[in-house]
Amino acid sequence: MSSLTDRYLAATLRAVPAPRRAEIADELRASIADMIDGRTDAGQDRETAEREVLTELGNPERLAARYADHRLQLIGPAYYLAWRRLLRLLLATVPIAIGALVAVLDAVDGGSVGSAVGVGITTGIEVVVQVAFWVTLTFAVVERLSLPLHLPRWTVDQLPEDRPAGRGVPLADTAVSIAALVLLIAFLPWQHFRSWVRDDGGDHIPVLDPALWRFWLPALIALLVAEIVLQVARHRAGRWTWPLVGAKVTLDLAFAVPVAWLVLTDRLLNPEFVQRVDWLRDGANLDVVYTIALVAVVASLVRNTVAIAAQARRRAA
């Protein structure tokens with residue numbers, strides 16, 4: 001019957017490269033024998049000494065990993081922070097964006113509201129799993145191959161500002177803001193293809209003037225995408241900085257001015273849509289709609305500008 005030492009050596013050597021097994025076996029056997037002799041010289045019986053020595057050496061697979069220089073973690077400390085930072089950023093944005101987009105597309109394709117919401121939530125959960133799996137797998141491979149990430153070297157200039165607790169931007173706030181922007185982006189093609197108003201032939205009548213797709217609607221979508229990027233930047237900064245405030249005001253103006261111009265020149269709504277909706281055919285009612293839209297655009301611009309400027313000033317103090 002094999003001794004405990006023989007069994008321990010066999011378990012250890014199975015996990016080390018074959019060319020080094022003889023060398024490691026001789027070295028490890030000699031070390032174990034010396035440790036056992038030290039305990040027996042102190043008066044301990046050999047069987048108890050052998051058991052205690054092997055227990056002290058620990059799991060043979062862990063010992064073999066030290067001999068073979070194998071990592072016993074999926075992602076080690078050299079890559080962990082970059083993995084965590086990237087994973088947090090993607091999980092805070094990608095599942096929400098794709099889930100909302102799929103929900104809108106399902107609604108455009110004729111699905112009910114409940115069906116669209118269910119599909120959107122399911123898709124979001126699937127995207128969470130996929131993002132976590134592929135990002136982790138990529139970093140695990142990079143870890144095993146010891147590939148350099150070429151990340152900027154850390155300096156003290158990267159230390160976060162000493163802000164009181166609770167002054168950062170909650171992840172939930174950023175996620176809600178991005179989800180609202182994604183829904184607004186998705187609404188633009190949805191209203192064109194799946195409007196709730198139909199003509200005599202049963203075809204959907206776009207709410208907004210289809211001519212706007214030649215330039216204005218793609219431009220507005222681009223501005224909304226830029227707004228999503230800005231929200232991510234704000235979350236990473238932890239607050240509204242003055243450069244971010246400047247970018248936000250610029251984007252808001254770039255969005256509000258064209259919309260206001262389209263409202264004032266009666267180019268926003270589709271004329272066919274207006275004629276199809278009885279209430280809008282009355283010129284006074286249409287003027288009310290345009291007035292409300294114009295006031296909402298201006299009020300939103302002013303409110304956002306004042307609010308974020310106040311936050312930036314307060315947090316910079």
ask   = So, the side chain of Asp45 versus the backbone of Thr48: is there a donor-acceptor pair under 3.5 Å, distance only?
value = yes

request  = Please test Val289 against Ile292 for side chain to side chain contact (heavy atoms under 4.5 Å, CB included), starting from the C-alpha separation and ending with a verdict.
outcome  = CA-CA 5 Å; Val289 171; Ile292 293 175; 5.9 Å; no

Kindly indicate whether the side chain of [X], heavy atoms from C-beta on, has any atom under 4.5 Å from the side chain of [Y].
X: Phe273; Y: Val277; value: yes
X: Thr12; Y: Leu9; value: no
X: Leu268; Y: Leu212; value: yes
X: Phe139; Y: Val135; value: yes
X: Thr291; Y: Leu294; value: no

Least distance between heavy atoms, [X] atom then [Y] atom:
X: Ala293; Y: Val263; value: CB-CG2, 4.4 Å
X: Val245; Y: Ala312; value: CG2-CB, 3.6 Å
X: His192; Y: Pro210; value: CE1-CB, 3.9 Å
X: Arg267; Y: Asp209; value: O-CB, 3.6 Å
X: Arg198; Y: Arg276; value: O-NE, 3.0 Å
X: Leu87; Y: Ala132; value: CD1-CA, 3.7 Å

Once you round to the nearest 0.5 Å, how far does [atom1] of [X] lie from [atom2] of [Y]?
X: Arg84; Y: Thr136; atom1: CZ; atom2: OG1; result: 13.5 Å
X: Trp134; Y: Leu90; atom1: CH2; atom2: CG; result: 14.5 Å
X: Leu57; Y: Thr5; atom1: CG; atom2: OG1; result: 9.5 Å
X: Gln44; Y: Ile36; atom1: CD; atom2: CD1; result: 10.0 Å
X: Asp26; Y: Arg21; atom1: CG; atom2: CZ; result: 14.0 Å
X: Ile185; Y: Leu224; atom1: CD1; atom2: CG; result: 5.0 Å

Please say yes or no: joined through hydrophobic side-chain contacts below 4.5 Å, possibly via intermediate residues, are [X] and [Y] part of one cluster?
X: Val229; Y: Leu86; answer: no
X: Leu251; Y: Phe215; answer: yes
X: Val141; Y: Tyr80; answer: yes
X: Leu137; Y: Val129; answer: no
X: Leu91; Y: Phe133; answer: yes

query = Which is it for Trp213 and Leu188 under the side chain to side chain contact (heavy atoms under 4.5 Å, CB included) test, yes or no, and what are the steps along the way?
reply = CA-CA 10 Å; Trp213 284 106; Leu188 297 178; 4.2 Å; yes

query = Would you call the rings of Trp216 and Trp261 parallel, tilted or perpendicular, where under 30° means parallel and over 60° means perpendicular?
reply = tilted

ask   = Which is it for Arg236 and Arg85 under the side chain to side chain contact (heavy atoms under 4.5 Å, CB included) test, yes or no, and what are the steps along the way?
value = CA-CA 10 Å; Arg236 296 191 63 183; Arg85 185 162 51 248; 4.0 Å; yes

request  = Return each pair, listed once, that meets side-chain hydrogen bond (donor to acceptor under 3.5 Å, both in side chains) where at least one residue sits in residues 224-233; pairs must be two or more places apart or across chains.
outcome  = Glu227-Gln231, Glu227-Lys248, Gln231-Arg234

ask   = Between Arg46 and Asp37, is there a side-chain N and carboxylate O pair less than 4.0 Å apart?
value = yes

ask   = Should Val232 and Ile178 be marked as a side chain to side chain contact (heavy atoms under 4.5 Å, CB included) after you check the CA-CA gap, both sets of side-chain angles, and the distance that decides it?
value = CA-CA 8 Å; Val232 174; Ile178 291 175; 3.9 Å; yes

task = Can you establish whether the number of heavy atoms outside Glu52 located under 6.0 Å from its atom CD is more than 12?
result = yes

